[in-house]
Amino acid sequence: MTTLRAFTCDDLFRFNNINLDPLTETYGIPFYLQYLAHWPEYFIVAEAPGGELMGYSEFAALMLCIFTVMGKAEGSVAREEWHGHVTALSVAPEFRRLGLAAKLMELLEEISEKKGGFFVDLFVRVSNQVAVNMYKQLGYSVYRTVLEYYSASSGEPDEDAYDMRKALSRDTEKKSIIPLPHPVRPEDIE
């Protein structure tokens with residue numbers, strides 16, 4: 001049985017099999033520690049029965065040789081922009097297509113609801129159609145395209161991202177998900 005639990009510092013040394021996926025953004029240890037210190041409720045791990053990490057999400061950071069999710073709360077309440085942001089969601093290849101990513105996203109959305117968020121957002125590579133389609137199935141829509149958001153390696157051109165959003169119950173008029181008509185640059189993002 002899969003166990004969902006809070007991310008701990010020890011997990012930083014256990015999630016390389018998840019984090020080394022070519023579509024997963026990787027960060028330095030100080031970055032993960034900052035999230036763990038500021039938004040621990042958004043850092044969750046999925047652990048397999050044998051103790052290996054299945055994945056994580058950096059919104060609530062779910063890590064454990066299977067998957068993790070990591071994120072944070074940010075924005076302005078006055079401008080109706082207070083929201084949950086998914087920083088990273090990754091599932092180890094051998095644990096994909098089991099519904100773990102959907103469960104992690106559901107947890108992050110619940111946390112954002114409790115914190116009074118208007119929406120949840122995330123950035124995903126335009127080329128990652130598997131992830132784009134999964135997020136659409138979870139109720140997310142493309143809010144805007146961010147030009148050259150992802151830095152390329154090996155002389156490749158930078159890659160665009162979709163800023164995808166899902167409105168929460170506080171956004172009764174769904175204003176947060178009305179798509180922008182034109183792309184933006186990374187420096188234009190607040």
Side-chain angles (χ1 to χ4, degrees), residues 2-21 23-47 53-92 95 99-125 131 134-135 138-140 143-144 146 149-150 161-171 176-177 186 189-190:
T2 301
T3 302
L4 301 180
R5 65 168 176 78
F7 183 84
T8 67
C9 291
D10 290 341
D11 293 323
L12 288 170
F13 305 104
R14 301 179 58 211
F15 73 114
N16 279 344
N17 69 313
I18 304 164
N19 217 33
L20 295 178
D21 182 288
L23 293 174
T24 298
E25 294 298 309
T26 57
Y27 308 98
I29 288 177
F31 184 86
Y32 293 106
L33 292 175
Q34 175 187 2
Y35 270 72
L36 187 57
H38 288 96
W39 305 284
E41 69 276 15
Y42 279 107
F43 219 150
I44 303 164
V45 176
E47 192 168 32
L53 296 180
M54 301 169 77
Y56 75 95
S57 171
E58 294 176 50
F59 179 93
L62 212 67
M63 298 171 63
L64 221 82
C65 288
I66 295 187
F67 74 96
T68 61
V69 64
M70 182 173 95
K72 62 185 176 182
E74 63 184 6
S76 165
V77 174
R79 295 190 323 203
E80 298 184 1
E81 293 176 356
W82 182 250
H83 66 281
H85 174 72
V86 179
T87 306
L89 172 66
S90 188
V91 176
F95 296 107
L100 295 172
K103 183 62 180 173
L104 286 172
M105 292 299 294
E106 179 184 321
L107 287 171
L108 297 179
E109 291 163 12
E110 288 174 10
I111 292 166
S112 295
E113 282 279 6
K114 289 177 185 173
K115 290 190 167 285
F118 288 89
F119 61 93
V120 172
D121 80 338
L122 58 91
F123 293 92
V124 61
R125 292 175 185 274
M134 178 196 71
Y135 291 126
L138 295 175
Y140 288 78
Y143 172 68
R144 61 187 168 187
V146 183
Y149 181 79
Y150 290 103
Y162 288 138
D163 177 354
M164 298 186 75
R165 293 184 175 188
K166 181 177 183 176
L168 299 176
S169 63
R170 188 169 182 189
D171 183 6
S176 65
I177 62 170
I189 299 172
E190 293 181 17

K166 and G139: which non-hydrogen atoms are nearest, and at how many Å?
CG-O, 3.7 Å
Can you sort out the partners of F123 under ring pair (Phe, Tyr, Trp, His ring centres under 6.0 Å), two or more places apart, ordered by chain and number?
H85, Y149
Give a yes or no answer on whether the side chain of D171 reaches the backbone of L168 with a donor-acceptor pair at less than 3.5 Å.
no
Restricting to salt bridge (Lys or Arg N to Asp or Glu O under 4.0 Å), what partner residues turn up for K114, sequence neighbours left out?
none
For E110, give me all partners under salt bridge (Lys or Arg N to Asp or Glu O under 4.0 Å), at least two apart in sequence or on another chain.
none
Give me the atom names and distance for the closest heavy-atom approach of P186 to V146.
N-CG1, 3.8 Å
Any non-hydrogen side-chain atom of L108 less than 4.5 Å from a side-chain atom of V120?
no
Does S176 offer a backbone N or O that forms a donor-acceptor pair with the side chain of R165 under 3.5 Å?
yes
State whether the side chain of K115 and the backbone N or O of G84 hold a donor-acceptor pair below 3.5 Å, judged by distance alone.
no
Atom CG of L107 and atom CD of E41: how far apart are they, to the nearest 0.5 Å?
12.5 Å
Could you walk me through whether M134 and L89 pass the side-chain contact (heavy atoms from CB on, under 4.5 Å) test, one step at a time?
CA-CA 12 Å; M134 178 196 71; L89 172 66; 3.9 Å; yes
For the student: nearest non-hydrogen atoms of S169 and E113, plus distance:
OG-OE1, 2.7 Å
Side chains of F118 and R170: does their closest heavy-atom pair fall under 4.5 Å?
yes
Please round to the nearest 0.5 Å and tell me the distance separating atom CG of L122 and atom OG1 of T87.
10.0 Å
Heavy-atom pair with the smallest gap, counting every atom of L36 and F7
CD1-O, 3.4 Å
Sub-4.5 Å side-chain heavy-atom contact between R5 and D11
yes
Report the relative orientation of the aromatic rings in Y140 and Y135; use parallel for angles under 30°, tilted for 30 to 60°, perpendicular for over 60°.
perpendicular
